[in-house]
Amino acid sequence: MSSARIQPLPPEVVERIAAGEVIERPASVVRELLDNALDAGATSVRVELRDGGCRLIRVADDGAGIPPDELPLACQPHTTSKIATLGDLGAVATLGFRGEALASIAAVAAFELSSAASDDGLAHTIALLPGKPQERTVAARSRGTTATVHDLFQSIPARRALLRGPRAEAQRALGVVRAYALARPDVNFTLVLDGQLALQTPGGSVDEAVAAIYGADLSRRALPLGVVTADSAVLGGVVGPRGVTFTTREHVVLAVNGRVVANRALLTAAATGYGPLLRKGRHPLLVATLSLPPAAVDANIHPAKAEVLLADEPEIARLLREAVHAALGRAAESVAAHSSPPTAPHFTRPLQLALPAPRTRRGLLLGERRRRYHAAPAPLAETLPSGPLSLAALCQFDDALILARTPAGDLYLVDQHRAHERVLYERLSASREGVHRTPLHGGSAQIPGQYLLDPVLVELTPRQAAILTPRLEELASLGIDCQPFGGSVFLVRALPALATAGPVETPHDVAGALTREAAEDADDWLEHVRIALACRTAIKRGQTLAPSEQRALLADLCGAAVPAICPHGSPILLRYSREYLTHAFEW
Ligand code: ADP
Ligand code: MG
């Protein structure tokens, strides 16, 4: 037992402990100062770091400024110009509101705040050095504020010891500035690391910000998220080209009302939108900007304001998932886009380009010959021309591909199996959910079943039987008539009409496979059934197609919502644009 007596901590110690919750490292200082600059309506923000911010952090903005008499107040704990009452907390539209950032910074570093709040060309400066009296000076400056932080944590060796080297800290701060620059492309951001320009965005569109940060080539191939509105939510942004993935999540930026946030549900939704395009452990380039009414956002749950809670999160997650999915679905593999990997001067890790590895999950590669996509250089994505896809069949190649042309003279190679699989899959999805309805299938309510001449008996384990039984009704909506037949035996009497057309496997095989898929202990079992059904019943490679069949298949594909990617995530189309042909042949 310790004999030390319990005593209250001196106030300055309390302050430092509290500050530690918000100010962990240079990147968190940068984040707070950027929030303040943006709250002040800045259109231009310059961030300067020395030694990764351990020696110096300076953020200068052209915002509204702080009146001279309020300067000392700004640096006191729990002083803010952003809320006055508890009721205001629900309606915070700004990035900061706790009124503790500047005080926290001043508690752990030498801090200087210089601001001009009017156009008289004079800035008042207040300098807070640990253990010294406040100093005030006046200097020339145009309207705006400059906050300078010297020697972070110098008086607190234990905290300083937790910092990594200057390079690693600079990298983190770069990540913060990059995320803000993408979340607020309208603002001009400049980052200078040890006297060298590391990042600069022009203050314009999100495309311009992406181009400034990742290079023009990548920006050209990025896919617009398309503005989606639901109730009071507005979603916009861009998705990096498929195939461009990273080992970290730092290029996934979620912004809610201009604030960079983390939100587990939304991150998961974005990843789900990629589906099998994203290999395990890889992360995409994604900028998703959400506008929501302030009352729908609770930023108060996280000390560093990083994690936010959203009202109606599932709905917003669905919006994001579908927007990402739709954007990627319009991307074809393009031969014309072959080029060296994008090189931006600010990457310390090389960008990696990779096609998704084939998924080997059970049932996923049925009807597909297993192969690895390791051809180098990996083809890059290119957005399909906007507007409806129009493909006219030319001929079949090796009973595997359909060669097709567009009215504009682009040449396409279409994988016949995957194309058919995509069409069937969407038809199956449309039968149940309005959201996936395509013009082609106009919302057919149910997939009609077709009775089998010989009903198929399927024997399951008791556990599988228990899982399957409550799902029989949903199976029926897909046209699969499956009934209990005593014990754990089931009788399949009908399969979807589409499953019995063409030279497919025997109904016996299909019925057995689907029933087992439906008895799987997984939340997304229905999705698995749809994929398995589409895959098993689609035209195979090796099958000769009459010209009329080729035409019909392409017409169906052109009406699909996601014509470029099969349900397993593999490419359906290969595009040789007219431009590419002209260039390659030197016509
Ligand atoms: P909060 O942002 O939570 O209000 P801070 O400690 O970050 O608290 O800032 C305190 C106050 O100082 C702010 O409410 C704002 O009035 C003022 N302030 C801080 N930085 C700036 C800036 N760059 N431009 C204008 N005003 C600022
Ligand atoms: Mg603040």
Side-chain angles (χ1 to χ4, degrees), residues 15-16 18-24 26-48 57-86 88-120 122-128 134 136 141-149 152 176-177 180 183-184 187-190 257-261 294 297-306 308:
E15 217 167 74
R16 282 185 184 181
E21 287 172 18
V22 187
I23 305 303
E24 258 186 327
S28 29
V29 174
V30 170
R31 193 184 164 100
E32 291 295 343
L33 296 180
L34 287 180
D35 279 347
N36 283 349
L38 295 174
D39 282 348
T43 62
S44 178
V45 184
R46 179 188 163 91
V47 182
E48 202 187 322
I57 302 166
R58 175 173 288 144
V59 175
D61 66 58
D62 64 351
I66 308 167
D69 54 318
E70 290 178 22
L71 268 181
L73 267 183
C75 306
Q76 307 243 315
H78 308 295
T79 51
T80 177
S81 57
K82 295 161 199 172
I83 48 173
T85 68
L86 202 57
D88 292 347
L89 255 182
V92 190
T94 56
L95 305 180
F97 51 83
R98 296 208 189 104
E100 61 187 4
L102 296 188
S104 299
I105 295 168
V108 296
F111 182 61
E112 214 176 277
L113 190 61
S114 175
S115 194
S118 66
D119 287 324
D120 62 5
L122 283 186
H124 293 254
T125 302
I126 169 171
L128 303 170
Q134 250 183 42
R136 300 195 59 151
R141 191 200 196 284
S142 55
R143 187 192 286 262
T145 303
T146 304
T148 311
V149 179
L152 185 66
V176 169
V177 178
Y180 273 74
R184 289 292 308 271
V187 173
N188 149 237
F189 282 89
T190 304
N257 296 341
R259 170 192 293 172
V260 178
V261 299
V297 186
D298 181 0
N300 217 16
I301 58 166
H302 193 275
K305 298 180 291 186
V308 297

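Below, all heavy atoms of this structure are taken into account, side chains as well, without hydrogens, waters or symmetry copies. Whatever order the structure lists them in is the order used to number ligands and atoms, beginning at 1.
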Audit row: Ser114, Arg141, side chain to side chain donor-acceptor pair (under 3.5 Å) steps and yes/no: CA-CA 9 Å; Ser114 175; Arg141 191 200 196 284; 4.9 Å; no
Those atoms of ligand 1 less than 4.0 Å from some heavy atom in Thr145: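 Within the 4.0 Å cut-off of Thr145, ligand 1 contributes 22 (C), 23 (N), 24 (N), 25 (C).
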Exercise: do Thr125 and Arg136 side chains pair donor with acceptor under 3.5 Å: no
Short side-chain donor-acceptor distance under 3.5 Å, Thr43 and Asn188: no
Can you confirm, on distance only, whether ligand 1 has an N/O atom lying under 3.5 Å from any N/O atom belonging to [X]?
{"X": "Ala101", "answer": "yes"}
{"X": "Asp61", "answer": "yes"}
{"X": "Ala40", "answer": "no"}

Partner of Tyr180 by side-chain contact (heavy atoms from CB on, under 4.5 Å), out of Val45, Asp35, Val187: Asp35
